[in-house]
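All remarks here apply to the structure that follows.
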Amino acid sequence: MTITFYNTLSSKKEEFLPINPENVRMYVCGPTVYDRAHVGNARSAVVFDSLYRFLKEVFPKVTFARNFTDVDDKIINKHKQTGKPITEITEETIQWFHEDMDTLNVLRPDFEPRATETIPEMIELVKDLVDKGFAYEAEGHVLFDVTKFQGYGVLSKRSMEDMIEGARVEVAPYKKNPADFVLWKPSNEGEVGWDSPFGYGRPGWHLECSAMSKKYLGESFDIHGGGQDLIFPHHENEIAQSYCACGCDAKHHKYANYWVHNGMLMVDGKKMSKSLGNFYSIRDIINKYPGEVIRFFMLSTHYHQPLNFTFEGLDNAKTVMNKFYNALLNIKGEVKQEQAPSEFIEALSDDLNTPKAIAILHELFNNLNKEQSLEAKSKFVNSARVLGLLLQDAETWFKGDVDNEGEIVALIGERNDAKKNKDYKKADEIRAKLFEMGIIIEDTKEGVKWKKA
RNA sequence: GGCCGAGUGGCAGAAUGGUCAUGCAGAGGACUGCAAAUCCUUUGACAUCGGUUCGAUUCCGGUCUCGGCCUCCA
């Protein structure tokens with residue numbers, strides 16, 4: 001079986017050949033923790049969680065690191081606005097993030113390093129870059145000199161000229177070149193910061209991922225992921241730092257081999273983002289739709305494509321998830337965890353083609369309803385598992401948070417009596433009443449079943 | 001302005017140089033007191049103009065439209 005991924009570095013779909021098949025290593029850029037994550041952030045998390053699950057299915061060991069950016073101007077601003085201590089802000093936000101991820105069936109990565117826990121490594125990296133002549137100090141800042149790295153632009157496919165032409169930002173006067181970026185910046189007294197050979201200050205944003213990926217995965221690893229909006233400048237700058245620190249060039253590098261980027265989540269044709277204000281927090285949506293529905297909705301589009309966020313789309317996803325769980329409800333018996341069917345794995349092997357995999361899931365679903373066998377159930381459930389779906393008990397899915405079960409059962413009893421007396425008018429009235437309560441009735445050979453709509 | 005990407009049936013969304021995507025919705029049927037669930041059958045598409053080809057939704061070029069990045073961003 002051949003596994004392929006679209007590699008942003010080469011702009012091509014490539015065969016995936018891990019450095020060490022006994023331990024596949026991946027790094028994904030995580031959130032800046034100053035506020036609740038929105039659904040766009042969730043897409044990235046769900047996509048790479050699915051990649052993680054898929055790799056775990058195929059390889060004996062996968063090491064996955066995803067960072068928390070817990071030192072950043074946005075956090076400092078929030079602290080200034082609210083007066084809340086910075087650690088309180090970051091701790092609280094990390095906890096929210098974990099809660100949201102849990103409801104989306106997103107597994108915890110093997111490592112979740114925080115930038116503030118990696119300061120010594122970052123300072124070391126800056127020192128290294130200065131010593132090797134790739135970085136310079138100016139007005140308390142340490143800046144990376146992009147002209148010293150021949151390969152600058154390998155990932156985002158831009159030339160220096162493009163960047164100068166396209167410049168929309170005012171260039172800080174202390175920069176030698178407009179594209180130079182900050183490795184270390186000064187902090188004022190009383191502001192968050194650390195002592196360093198370049199003065200009291202804090203790291204630039206790009207630095208942490210280079211330092212953390214090296215710390216937890218080594219100088220070379222397999223996959224580096226993130227949203228497409230991180231390609232430039234974030235990942236381009238990471239490449240510049242990390243290549244130069246390890247003394248490699250663009251062709252013979254030692255950093256990440258495969259750069260995988262997910263497409264943006266769109267709202268009315270525009271990217272969902274905090275700055276545009278067109279966002280829903282994950283929490284907002286979780287209150288209306290189960291996490292698995294949101295997850296299914298996200299995986300029904302290929303990760304590389306933009307995905308339009310609509311409530312119609314979520315409703316559609318919910319319909320399908322209800323059908324899936326209904327099938328599990330109807331075919332009794334527990335299923336053991338085993339390897340997913342090869343056709344399903346093959347679909348995912350093709351650049352994590354989740355829509356294709358879901359099409360196969362539908363086939364397995366149809367087959368399950370026809371065969372009604374435990375074997376068919378196993379194939380279905382074990383496929384869904386790789387996508388992080390159908391992980392809960394079907395009963396819980398349909399009845400989980402219903403708090404008036406007694407009333408429902410009583411009404412069903414009344415309806416049964418009415419049916420026995422062939423009083424169908426009354427029976428239908430009770431059914432309609434239950435429907436208004438959000439409960440759906442099914443008359444089956446095994447008796448009456450109920451579930452929430 | 002520069003760089004990158006996309007345009008598929010009512011909606012969502014894959015693959016593919018010639019034969020069924022798939023799902024939701026719709027239509028007809030089976031089952032049911034009627035429903036629901038399930039099963040069977042079914043309608044319907046490849047932005048546009050050229051080119052290559054025996055044949056193009058699929059390859060190449062132009063046009064139009066849309067989006068992302070170039071500032072923080074998943």
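Computation of the quantities below employed the complete heavy-atom set of this structure, encompassing side-chain atoms and omitting hydrogens, waters and symmetry-equivalent molecules. Protein chains get the first letters and strands the later ones, always in sequence-line order, with residue 1 at the start of each.
Nearest nucleotide to the side chain of A/Asn330, out of B/A37, B/C70, B/G33: B/A37. Relative to the side chain of A/Asp428, the nucleotides B/A14, B/C39, B/C34 differ in distance, and B/C34 lies closest. Of the listed nucleotides (B/C24, B/A74, B/C72), B/C72 has the atom at the smallest distance from the side chain of A/Pro233. Comparing atom distances between the A/Arg431 side chain and each of B/C34, B/A37, B/G68 picks out B/C34 as nearest. When the nucleotides B/C72, B/A74, B/U38 are ranked by their closest atom to the side chain of A/Cys29, B/A74 comes out on top. Nearest to the side-chain atoms of A/Phe232 among the listed nucleotides B/C69, B/A74, B/A14 stands B/C69. Side-chain proximity of A/Arg415 to B/C3, B/A37, B/C34: nearest is B/C34. Side chain of A/Phe365, nearest nucleotide from B/C72, B/U38, B/A74: B/U38. Taking only side-chain atoms of A/Thr32, from C-beta outward, the nucleotide of B/A36, B/A74, B/A14 with the closest atom is B/A74. Of the candidates B/A74, B/A37, B/G23, the closest approach to any side-chain atom of A/Val320 belongs to B/G23.
Remark: B/A36 base-pairs with no nucleotide in the shown strands. Criterion, Watson-Crick or G-U wobble with two distances under 3.5 Å. A 3.5 Å limit on both hydrogen-bonding distances identifies B/G51 as the Watson-Crick or G-U partner of B/C59. Using N1 to N3 plus N6-O4 or O6-N4 for Watson-Crick, or N1-O2 and O6-N3 for G-U wobble, each under 3.5 Å, B/U65 pairs with B/A6. In this structure, B/G1 and B/C70 make a Watson-Crick or G-U wobble pair, each of the two defining distances being under 3.5 angstrom. Across all strands shown, B/A15 forms no Watson-Crick or G-U wobble pair with both distances under 3.5 Å. Under the Watson-Crick or G-U wobble criterion, with both distances below 3.5 Å, B/A21 is left unpaired in every strand shown. Base pairing analysis places B/G26 opposite B/U42; the two distances defining the Watson-Crick or G-U wobble pair are each below 3.5 Å.
Using a 4.0 Å heavy-atom criterion, one finds that A/Lys449 contacts no nucleic acid atom at all. Within 4.0 Å (heavy atoms only), A/Ser156 reaches sugar-phosphate atoms of the nucleic acid but no base atom. Residue contacts shown for A/Gly225 are absent, as no nucleic acid heavy atom lies under 4.0 Å away. Residue contacts for A/Lys74: at a heavy-atom cut-off of 4.0 Å it reaches a base atom on one of the strands shown. Residue-level contact check: A/Met272 touches the bases, meaning some heavy atom is under 4.0 Å from a base atom. Residue A/Asn369 is classed as a sugar-phosphate contact, given heavy-atom separations below 4.0 Å to backbone atoms only. Counting any heavy atom pair closer than 4.0 Å across all strands shown, A/Leu265 reaches a base atom. At the heavy-atom level, A/His304 lies nowhere under 4.0 Å from the strands shown. Across all strands, A/Gly313 comes closer than 4.0 Å to no nucleic acid atom at all (heavy-atom distances).
For A/Lys451 and B/A36, the shortest distance from a side-chain N or O to OP1 or OP2 is not below 4.0 Å. Between B/G13 and A/Thr301, a contact under 4.0 Å exists linking OP1 or OP2 to a side-chain N or O. For A/Asn262, no side-chain nitrogen or oxygen approaches OP1 or OP2 of B/A74 to under 4.0 Å. When the side-chain nitrogen and oxygen atoms of A/Lys271 are compared with OP1 and OP2 of B/C69, one or more of them lie within a distance under 4.0 Å. In terms of phosphate contacts, A/Asn353 brings a side-chain nitrogen or oxygen within less than 4.0 Å of OP1 or OP2 of B/A15. Between B/G23 and A/Asn366, a contact under 4.0 Å exists linking OP1 or OP2 to a side-chain N or O. At the phosphate of B/A74, OP1 or OP2 sits under 4.0 Å from a side-chain N or O atom of A/Asn41.
Distance CD (A/Glu363) to P (B/C39): 13 Å, rounded to an integer number of Å. Between A/Asn237 atom CG and B/C69 atom C1' the separation is 13 Å, expressed in whole Å. One interatomic measurement links the two molecules: CD1 of A/Ile441 to P of B/G33, which rounds to 16 Å at whole-angstrom precision. Regarding A/Phe435, its CZ atom lies at a distance of 10 Å from the P atom of B/A37, rounded to whole Å. When rounded to the nearest whole Å, the span between CD of A/Glu236 and C1' of B/G2 equals 15 Å. If you measure from atom CD of A/Glu312 to atom C1' of B/G13, you get 16 Å, rounded to the nearest angstrom. Spacing between atom OH of A/Tyr34 and atom C1' of B/C72 amounts to 8 Å, rounded to whole angstrom units. One atom, CD of A/Glu343, and another, P of B/A15, lie 17 Å apart when rounded to the nearest Å.
Ring geometry, A/Tyr258 versus A/Phe5: the interplanar angle exceeds 60°, so the pair is classed perpendicular (tilted spans 30 to 60°). Relative orientation of the A/Tyr243 and A/Phe149 rings is perpendicular, given thresholds of 30° and 60° on the angle between their planes. A tilted orientation is assigned to the rings of A/Phe279 and A/His38, their planes being inclined by 30° to 60°.
Between the side chain of A/Arg43 and the base of B/A74, no donor-acceptor pair under 3.5 Å is found. A/Arg158 contributes no side-chain N or O that forms a donor-acceptor pair with the base of B/C4 under 3.5 Å. No hydrogens or angles were tested; on distance alone, a donor-acceptor pair under 3.5 Å links the side chain of A/Asp443 to the base of B/C34.
Comparing the P positions of B/C54 and B/C20 gives a spacing of 25 Å, expressed to the nearest Å. Rounded to the nearest Å, the gap between the P atom of B/C70 and that of B/C59 is 30 Å. With C1' as the reference atom, B/U38 and B/G5 are 42 Å apart, rounded to whole Å. Taking atom P on both nucleotides, B/G23 is separated from B/G61 by 36 Å, rounded to a whole Å. Comparing the same atom, C1', in B/C4 and in B/C39 gives a spacing of 48 Å after rounding to whole Å. One C1' atom belongs to B/U22, the other to B/A14, and the distance between them is 8 Å to the nearest Å. If you take atom C1' in B/A6 and the same atom in B/C46, they sit 14 Å apart, rounded to whole Å. Going from the P atom of B/G18 to that of B/A35 covers 44 Å, rounded to whole Å.
Under a cut-off of 6.0 angstrom, the local environment of NZ in A/Lys332 is crowded, with over 12 non-hydrogen atoms contributed by other residues, nucleotides or ligands. Under a cut-off of 6.0 angstrom, the local environment of CD in A/Glu405 is sparse, with at most 12 non-hydrogen atoms contributed by other residues, nucleotides or ligands.
Taking the six-membered ring for Trp and the full ring otherwise, the centers of A/Phe97 and A/Phe68 sit less than 6.0 Å from each other.
In this structure, the side chains of A/Met298 and A/Asn262 stay at 4.5 Å or more apart for every pair of heavy atoms. Contact check for A/Asn67 versus A/Glu112: no side-chain heavy atoms found under the 4.5 Å cut-off.
Place A/Asp229 and A/Lys370 on RNA chain B by their nearest nucleotides, and A/Lys370 ends up nearer the 5' end.
Using modelled atom types, one finds no donor on one side chain facing an acceptor on the other under 3.5 Å when comparing A/Asn353 with A/Tyr303.
No cation-pi contact links A/Lys419 to A/Tyr424, judged by a cut-off of 6.0 Å to the six-membered ring centre and 45° from its axis.
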